[in-house]
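Step one of this worksheet: look at the structure below.
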There are 2 protein chains.
Amino acid sequence: MIPETIHVPVNTMRQFMEEVFTKIGVPANEAKICADVLIASDLRGIESHGVQRLKMYYDRIKTGQQKAVTDFEIVRESPTTAVVDGHHGMGMVIGTRSMQMAIDKAKQYGMGSVAVRNSTHFGIDGYYARMAINQGLIGMSFTNARPSISPTFGVQPLLGTNPIAFGAPTDEDCPFLFDAATSIIQRGKVEVYNRIDKPIPPGWVTGADGKPMTNAAEILAALPKDKAALLPLGGPGEELSGYKGYGLATIVEILCASLQTGAYLSDLLGFDKNGNKQPFMVGHFFMAINIENFVDLETFKKTTGDILRTLRESTKVPGEDRIYTAGEKEYELEHIVPLEGIAVVPSIQKDIIAIQKELGLDYPFQI
Amino acid sequence: MIPETIHVPVNTMRQFMEEVFTKIGVPANEAKICADVLIASDLRGIESHGVQRLKMYYDRIKTGQQKAVTDFEIVRESPTTAVVDGHHGMGMVIGTRSMQMAIDKAKQYGMGSVAVRNSTHFGIDGYYARMAINQGLIGMSFTNARPSISPTFGVQPLLGTNPIAFGAPTDEDCPFLFDAATSIIQRGKVEVYNRIDKPIPPGWVTGADGKPMTNAAEILAALPKDKAALLPLGGPGEELSGYKGYGLATIVEILCASLQTGAYLSDLLGFDKNGNKQPFMVGHFFMAINIENFVDLETFKKTTGDILRTLRESTKVPGEDRIYTAGEKEYELEHIVPLEGIAVVPSIQKDIIAIQKELGLDYPFQI
């Protein structure tokens with residue numbers, strides 16, 4: 001019996017994840033990378049992309065939708081640019097190596113960008129922008145994903161949640177780190193509402209009839225059948241400028257697919273026309289800008305910090321006591337989660353206990 | 001008496017604008033550029049940024065807030081990057097020259113970007129992304145602007161409407177051209193609602209009390225006094241992810257200010273602390289990516305076209321007969337406006353007739 005949410009020390013969880021990835025065939029140094037991306041997500045409170053996703057990767061490797069050993073092929077390269085084929089390897093390995101290429105190019109030539117094809121789910125988009133921040137650069141990361149968002153005036157889920165990540169160093173410990181889907185919410189949020197049995201606010205999800213859906217269980221049943229779609233940032237129609245979120249999602253699709261002759265929109269379903277599982281063929285686009293080509297790094301950090309402080313210190317909506325800047329909430333959680341451990345809800349405990357059994361591991365996940 | 005809206009042939013309007021700019025001191029070849037940017041806006045149906053803005057530039061040159069003769073100074077340069085000081089010259093001249101630098105760098109080195117300081121209002125953001133499209137590249141253009149958007153949970157207008165423009169060529173005549181403020185709407189839209197005496201939909205604008213404002217006249221009176229602010233894309237608070245629009249506006253502010261040690265947020269008011277008019281000190285950031293560093297141009301165009309066609313041809317919301325992709329509506333208008341002429345509403349006729357008189361010009365703007 002699994003009674004309640006447990007909290008697992010970060011190091012235990014990291015070791016467990018590394019061991020799981022290694023046992024199913026990921027080379028040791030690459031298993032470390034995969035675990036680090038998932039842990040980074042749990043540390044930042046983005047629970048949907050941390051340990052909750054471990055089973056997804058595990059299952060996909062087992063079914064052959066992605067490969068444990070990453071064949072990272074640079075198919076084309078110039079001093080500032082590259083095209084990489086990930087050959088359906090581990091998205092986190094493909095992502096970190098590609099982003100590091102963009103960063104190295106930017107360090108040497110001012111700017112760098114890498115388009116990636118045949119990748120797989122790479123965890124949180126912000127991880128890659130953060131890599132650039134840590135090395136004193138501006139970083140951007142984009143990925144397409146399985147079809148979820150309907151276009152403005154449409155009801156079919158076609159665009160992925162297509163997130164945009166942008167990071168910049170500041171003169172504070174907390175960097176500026178924006179990481180957001182171009183839909184209003186992600187699928188994971190519907191799952192959370194379903195677990196706590198709460199109605200979904202109208203405006204997040206559209207039904208095939210163009211009307212808002214608010215029952216989380218119904219939405220989760222309808223999404224895979226194309227009978228529901230996530231709405232783009234800005235909502236349905238044009239009144240609140242939903243075409244802007246739709247346009248942003250399309251930009252991400254173009255950057256992630258058109259620069260690498262890759263798959264796009266419904267190609268990313270993970271199923272072929274006969275309903276058989278196939279690789280996801282995800283595309284990414286990474287970019288880095290060397291700040292020191294423009295201004296010295298300390299000046300950049302100071303200006304950016306000043307902008308953020310001015311925003312935070314401005315007049316609040318009556319009743320609100322705080323204005324955040326992008327990445328601030330998550331940064332604070334990075335300092336709280338290690339004290340409490342990573343929360344693992346019962347359904348996820350069940351998943352990882354099953355994985356343990358299959359792999360003959362013995363971590364203390366059950367109370 | 002000015003009875004109603006008139007329609008002026010595009011060439012007449014272009015010639016008039018060129019002559020106005022020339023008469024107030026803009027060198028002839030640069031006056032052509034300024035007129036072209038304004039005409040491009042009228043052609044695309046973005047009336048707020050076309051002839052309606054002519055008087056604004058005219059007045060700002062007269063008051064010394066911007067200079068008719070542009071001193072375009074490259075203060076720092078590398079093969080892929082540059083920092084430009086516009087010395088408060090004509091934003092359209094600074095913009096086109098800077099974007100062309102980014103494009104030339106990208107053609108030669110794969111990527112190019114240019115950060116600009118001390119610029120002025122440069123017209124529609126999409127004009128610069130379109131320059132890249134026309135030369136077979138991906139183009140991006142960003143600008144900050146006078147404070148208008150409040151941060152999530154804040155009520156003070158601090159961020160400009162900070163638009164994002166992104167353009168990519170396709171295999172159709174109509175390119176993909178996204179050009180959108182990171183607020184839900186721009187100030188110009190409130191002016192339109194005021195003219196037609198229609199209430200503003202709740203959610204576009206917040207009052208100092210954090211409540212939605214819906215009376216256009218009240219909003220226009222409150223905005224300059226910091227008693228109203230435009231809401232970021234996604235709306236107030238977090239329920240519909242307003243923090244994403246706020247985050248995107250902040251990204252634009254960082255790109256446009258921090259890379260050039262420039263002015264930001266409230267510095268861009270156009271007034272000094274004593275209430276005296278001063279230059280706007282606008283910052284821009286331009287970027288170009290050479291597609292052929294990644295894939296051959298025809299392949300890119302085909303993939304992008306396929307993505308857009310798939311979106312347009314997908315299932316519509318019942319009752320809606322068309323799904324658009326970014327820039328499509330405006331592209332169609334480019335073919336309609338020349339047939340009808342550029343619409344000039346009575347209040348704008350008054351403006352340009354006054355300018356005519358002052359400059360001793362004689363164009364047939366009055367019926």
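The figures that follow rest on heavy atoms only: side chains count, while hydrogens, waters and symmetry mates do not. Below, read A as the first sequence line, B as the second, and so on, with proteins coming before strands; counting in each chain starts at 1.
Chosen from B/T182, B/I254, B/V75, the residue pairing most often with chain A at heavy-atom distances under 4.5 Å is B/I254. Options A/G245, A/A208, A/S266, A/P318 differ in how many heavy-atom pairs under 4.5 Å they form with chain B, and the most are formed by A/P318. In terms of heavy-atom pairs under 4.5 angstrom with chain A, the leader among B/V83, B/V295, B/N290 is B/V295. The residue among B/K105, B/E239, B/E253 with the most heavy atom pairs within less than 4.5 Å of chain A is B/E239. With respect to chain B, the highest number of heavy-atom pairs below 4.5 Å among A/L308, A/L248, A/I185, A/T152 belongs to A/L248. Ranked by heavy-atom pairs under 4.5 Å with chain A, the first of B/L265, B/T303, B/I251, B/T304 is B/I251. Most heavy-atom pairs under 4.5 Å with chain A, from the set B/K301, B/M111, B/K316: that is B/M111. Among B/L240, B/I291, B/D296, the residue with the largest count of heavy-atom pairs under 4.5 Å with chain A is B/L240.
Expressed to the nearest 0.5 Å, how far OH of B/Y246 lies from CZ of A/F178 amounts to 11.5 Å. To the nearest 0.5 angstrom, B/K244 atom NZ is 9.0 Å from A/D179 atom CG. Distance check: A/K302 NZ to B/T261 OG1 gives 12.0 Å after rounding to the nearest 0.5 Å. Atoms NZ and OH, from A/K329 and B/Y243 in turn, are 8.0 Å apart once rounded to the nearest 0.5 Å. Taken from CD in A/E292 to CZ in B/R76, the straight-line distance is 7.5 Å, to the nearest 0.5 Å. To the nearest 0.5 Å, atom CZ of residue A/F294 and atom CD of residue B/E77 are 11.0 Å apart.
Residues B/P151 and A/L311 approach most closely at CG-O, 4.1 Å, considering heavy atoms. In plain terms, the two heavy atoms of A/I307 and B/S258 that are nearest each other are CD1-OG, 3.9 Å. Taking every heavy atom of both residues into account, A/L158 and B/S314 meet most closely at CD1-CB, 3.3 Å.
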Could you go step by step and tell me if B/M287 and A/M287 meet the side-chain contact (heavy atoms from CB on, under 4.5 Å) rule? CA-CA 12 Å; B/M287 196 192 296; A/M287 197 192 295; 3.5 Å; yes
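Both the backbone and the side chain of B/A181 have a heavy atom closer than 4.5 Å to some heavy atom of chain A. For a residue to count as touching a neighbouring chain, one of its non-hydrogen atoms must lie under 4.5 Å from one of that chain's; by this rule A/Q156 touches chain B with backbone and side chain alike. In this structure, chain A has no heavy atom under 4.5 Å from any part of B/R312. For A/T206, no part sits under 4.5 Å from any heavy atom of chain B, backbone or side chain.
With hydrogens and angles ignored, the 3.5 Å screen pairs a side-chain donor or acceptor of B/T80 with a backbone N or O of A/Y109.
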